[in-house]
Student: 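One structure coming up, written as structure tokens, with questions to follow.
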Amino acid sequence: MNIFSQYRDEIIAAVNGLVAQSALPAGLDLSRVAVDPPRDPSHGDLSSNAAMVLAKPAGMRPRDLAALIAARLESANGVAAAEIAGPGFINLRLDAAVWRRCLGDILAKGAAYGDSRVGNGKQINVEFVSANPTGPLHVGHARGAVFGDVLAALLDKSGYRVVREYYINDAGEQVDVLARSAYLRYREALGHAIGEIPNGLYPGDYLRPVGKALAAKFGDRWLDAPQSEWLPVLRAFTIDAMMDLIRADLAAFGIHHDVFISERSLVEDGRVDAALEMLAARDLIYRGTLAPPKGKRPDDWEPREQTLFRATAFGDEVDRPLQKSDGSWTYFASDIAYHLDKYQRGSVKLIDVWGADHGGYIQRLKAATEAVTEGKAALDVKICQIVRLMDKGEPIKMSKRAGNFVTLRELIDEVGLGVVRFIMLTRSNDAPLDFDFTKVAEQSRDNPVFYVQYAHARCHSVARMAADAFPEITNGDAADLDLLRDPAEVSLIKLLAQYPRVIEAAAKSHEPHRIAYYLYDLAAAFHGLWTKGREHAGLRFIVDDNRPLTASRLALVRGVRIVIASGLNLMGVVPVEELR
RNA sequence: GACCCCGUAGCUCAACCGGAUAGAGCAUCGGAUUUCUAAUCCGACGGUUACAGGUUCGAGUCCUGUCGGGGUCGCCA
């Protein structure tokens, strides 16, 4: 039950009633009618802009229209008052009983509270991580990994059929570099001195075990063989090893993908050719020469004729190359085939989660997706800005070249899985994020993970204490929610009632960080009520000589616990019951 | 030079498809502790939402331009 959409329906019913009376013209566009919680509590419980957005098409003054709608709402179920305010807002005040029913609903639904059907069973494909199979995951991947995973969870909860997907970039130059790097480690494993790893190859130690495994499997078979012979073999072997590494990292990070797709397999199965033929048949591919970039021109610029996709026909800046000079496909070409493939497997909504450095690539892939699916699939690309690792407010210097970059595994071991995941969602995805090792280990209010976990633990603590005071009270007790009358209690329930709306909005806007902010607010409200009980004994959750009141307050605490646990679970963070 | 993201309190950031008096935390100052875990809470201070125009009943949010920070820029992914 989403109280906001429920009363939005009431308002629309009221408008339709006025249309039926011919008080309003038919055919009004109701899509902009919204029902929101007002910022200022004196504006009631729910606030709607209906009269303001409908005034012009209805040919009325906003406040006059608001009066008509409000008059009809007065008699709506659960409405205590419908007032007109400001330029034409309709403010609804609800019966206290409505809020108590909300709490009852939360308790009844438990973990299913907040589920919705807005996705209507539609299949949606979320592609995330998709790190090159050239090494273990590092902090740079962590943010996109959490973002994609939680977005997928959010869409799942909102009634979509979610496909979580990882695209393996195993067809380009990078994996050849990887194979040559592994070859050196293979020589090393066979006792040959290899010296410094040459510039441009992967220096990481993680390739040493691969070298040993290659030596164990092939002996000295490739030692004096030409590169053309060993490269494909070593490449396949090493990619497999890297993907094993990455899958293990993902598992340690609590992430599961439903589908892993190999770029190479798309090329080898002729899927790229097929996709490009579809475009060619519609005259969207041609041979041509691109103009050099304006302003800063690369030193070695010379005009070249290339195979180009007509991206400009779909809103991109320039047409984009599909083929390298050696005849192989560019990454872009196989990506076109890949996105067509996602569509053909049943997803009309596609989401890609990328790092900020790929921002310049969005337009062309949206253009290509539109072209190759003939406008039937919509691609949304979410960009995650960089994570700056800090310690005590000072940036930590990292360089891949020196091999001292922080792996995802090290990060998890150092601060814990839940902390990493939560912190990654404490910023909007398109803002850079500071990850401070000192701060996230702190147990204080400016560490949101701790703060929210503490609220959850407190809920459990109260339940434990209550079990001592009233051994006979159980979770199954039918609590009389009418006893929850303190304004602070009621406003806590109102906050709980917003949860389904937060989930829906986060899912719709593809912004999982909203859960983190909501949970922080909820935790603050709960801590506040808790402290009130210290100051006024009558507001304690456990009231020694009043069993019925204690039972109803425990029900409220249970509601808080359910919602915090639900939000944390969505974020992939395990709610803790104790913090000691 | 072009394109994308960002610019909100001293600092780090929110602001729900455009809504009413722009909100939190930190910092600063002042309070609350015989505890259902004070690892917490309450209050005060703090704003020309970078700047200039525009759209409209209404703009931090949308459009145009300027300035500043970051990212990207023909066969890397």
Side-chain angles (χ1 to χ4, degrees), chain A residues 31-32 34 36-40 43 47 49 52-53 55-56 61-62 85-89 91 130-132 134 169 171-174 177 263 289-298 301-304 306-308 317-318 320-332 335 355-363 383 385-386 426-428 430-432 434 442-448 450-451 454 457-458 461-466 468-469 498 501-502 504-506 508-509 511 513-514 517-518 520-521 524 527-535 540-543 553 557 578-580:
Chain A
S31 64
R32 289 177 60 213
D36 301 306
R39 231 189 303 251
D40 184 340
H43 292 148
S47 170
N49 62 354
M52 293 181 292
V53 298
K56 186 172 277 183
R61 287 194 303 218
F89 287 102
N91 292 334
S130 298
N132 286 348
T134 54
N169 300 127
E173 251 170 59
Q174 296 305 314
V177 174
E263 179 187 4
T289 307
L290 290 176
K294 289 169 190 159
K296 208 184 88 186
R297 173 181 302 210
W301 176 271
E302 54 184 68
R304 276 188 213 111
Q306 305 176 85
T307 304
L308 299 169
E317 300 297 318
V318 293
R320 304 292 183 174
L322 296 165
Q323 218 167 10
K324 304 181 194 174
S325 53
D326 67 358
S328 64
W329 298 118
T330 60
Y331 175 77
F332 178 49
D335 232 358
D357 53 340
H358 288 54
Y361 194 77
I362 297 175
Q363 274 310 320
I383 288 293
Q385 292 291 333
I386 53 164
T426 53
R427 289 285 174 269
S428 155
D430 43 27
D434 289 345
E442 244 170 55
Q443 300 204 329
S444 71
R445 183 164 186 161
D446 56 327
N447 179 357
F450 164 76
Y451 190 71
Y454 185 30
R458 258 187 170 167
S461 163
V462 171
R464 284 192 297 268
M465 299 302 291
D468 286 346
Q498 286 194 29
R501 189 171 177 279
V502 171
E504 254 179 54
K508 198 169 168 184
S509 58
E511 291 183 347
H513 73 275
R514 293 189 191 192
Y517 280 91
Y518 170 78
Y520 187 85
D521 286 346
H527 286 311
L529 184 57
W530 193 94
T531 305
K532 268 196 172 178
R534 183 207 318 288
E535 285 155 7
R540 294 189 167 206
F541 297 124
I542 300 168
V543 187
R553 288 188 175 160
V557 173
E578 247 182 325
L579 270 171
R580 292 195 187 277

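Keep in mind that the numbers below use all heavy atoms, side chains included, and drop hydrogens, waters and symmetry copies. A note on names: the letters A, B, ... follow the listed sequences, proteins ahead of strands, and every chain is numbered from 1. Bear in mind the structure is a predicted one, so any value in this text is a computation, not a measurement.
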Student: Can you give the dot-bracket line for RNA chain B, where a pair is Watson-Crick or G-U wobble with both atom distances under 3.5 Å, crossing pairs use [ ], and | marks a partner on another strand?
Tutor: (((((((..((((.....[...)))).(((((.......))))).....(((((..]....))))))))))))....
Student: Please figure out whether A/Asp40 or A/Leu308 has its closest RNA chain B nucleotide nearer the 5' end.
Tutor: A/Asp40
Student: With sugar-phosphate meaning primed atoms plus P, OP1 and OP2, does A/Gly359 contact a base, only sugar-phosphate, or nothing at under 4.0 Å between heavy atoms?
Tutor: nothing
Student: I need a per-nucleotide contact map over nucleotides 8-18 of chain B, read 5' to 3'. Cutoff is protein heavy atoms under 4.0 Å; write B for the base, S for backbone only, - otherwise.
Tutor: ----SSSSBB-
Student: Ignoring hydrogens and angles, state whether a donor on the side chain of A/Asp36 or A/Ser47 is under 3.5 Å from an acceptor on the partner side chain.
Tutor: no
Student: Using a 5.5 Å cut-off between ring centres and planes within 30 degrees, is A/His358 stacked on the base of B/A77?
Tutor: no
Student: Using a heavy-atom cut-off of under 4.0 Å over every strand shown, decide if A/Gln385 touches base, sugar-phosphate, or nothing.
Tutor: sugar-phosphate
Student: Round to a whole Å and report the spacing from CZ of A/Arg534 to C1' of B/U37.
Tutor: 9 Å
Student: What is the distance from OH of A/Tyr361 to C1' of B/A77, rounded to the nearest Å?
Tutor: 8 Å
Student: Less than 4.5 Å apart, any side-chain heavy atom of A/Arg427 and any of A/Tyr517?
Tutor: yes
Student: Which is more 5' along RNA chain B, the nucleotide nearest A/Gly86 or the one nearest A/Ala457? Just name the residue.
Tutor: A/Gly86
Student: Name the closest nucleotide to the A/Arg304 side chain, picking from B/G74, B/U40, B/A77.
Tutor: B/G74
Student: Short question: side chain of A/His527, backbone of A/Tyr451 - any donor-acceptor pair under 3.5 Å?
Tutor: yes
Student: Can you check the A/Phe450 CZ to B/U40 C1' distance for me, whole Å?
Tutor: 9 Å
Student: Where the side chain of A/Pro321 is defined as all heavy atoms beyond and including C-beta, which of B/G74, B/C76, B/A77 is the nearest nucleotide?
Tutor: B/G74
Student: Taking only residues two or more places apart in sequence, or in another chain, which ones meet A/Arg320 in a salt bridge (charged side-chain N to carboxylate O under 4.0 Å, His left out)?
Tutor: A/Asp316
Student: A/Leu579 and A/Phe450: side chain to side chain contact (heavy atoms under 4.5 Å, CB included), yes or no, with the steps?
Tutor: CA-CA 9 Å; A/Leu579 270 171; A/Phe450 164 76; 3.6 Å; yes
Student: Would you mind reading off the distance between A/Ile383 atom CD1 and B/C6 atom P, rounded to a whole angstrom?
Tutor: 11 Å
Student: Side chain of A/Lys56 only, please: which of B/U56, B/C5, B/C41 is the nearest?
Tutor: B/U56
Student: Just compare B/C57, B/A24, B/U40 and give me whichever is closest to any side-chain atom of A/His527.
Tutor: B/U40
Student: Does A/Phe89 reach the side chain of A/His43, with side-chain heavy atoms less than 4.5 Å apart?
Tutor: no
Student: For A/Asp521 and B/G23, what is the distance between atoms CG and C1' respectively, to the nearest whole Å?
Tutor: 9 Å
Student: Mind listing the closest non-hydrogen atom pair of A/Leu290 and A/Gln306 along with its distance?
Tutor: CD1-NE2, 3.9 Å
Student: If you round to the nearest 0.5 Å, how far is OH of A/Tyr331 from CD of A/Gln174?
Tutor: 11.5 Å
Student: Using whole Å, report how far CZ of A/Arg320 lies from C1' of B/U72.
Tutor: 10 Å
Student: Has A/Ser461 got a side-chain atom pairing as donor or acceptor with A/Ala457's backbone, closer than 3.5 angstrom?
Tutor: no
Student: If we ignore hydrogens and angles and just use 3.5 Å, is the side chain of A/Asn49 paired with the main-chain N or O of A/Ala34 as donor and acceptor?
Tutor: yes
Student: Between B/G7 and B/G43, how far is it from one C1' atom to the other, in whole Å?
Tutor: 31 Å
Student: Are A/Phe89 and B/G19 stacked, counting the six-membered base ring, centres under 5.5 Å, planes under 30°?
Tutor: no
Student: Between atom CG of A/Asn169 and atom CG of A/Asp335, what is the distance when rounded to the nearest 0.5 Å?
Tutor: 7.5 Å
Student: Over all strands shown, is A/Asp468 touching base, sugar-phosphate only, or nothing at heavy-atom distances under 4.0 angstrom?
Tutor: nothing
Student: So which nucleotide from B/U37, B/A20, B/G19 ends up closest to the side chain of A/Ser47?
Tutor: B/A20
Student: When the distance from CG of A/Asp326 to C1' of B/C76 is rounded to whole Å, what number comes out?
Tutor: 13 Å
Student: What integer number of Å spans the P atoms of B/U56 and B/G10?
Tutor: 34 Å
Student: Atom CG of A/Asn132 and atom P of B/C76: how far apart are they, to the nearest Å?
Tutor: 13 Å
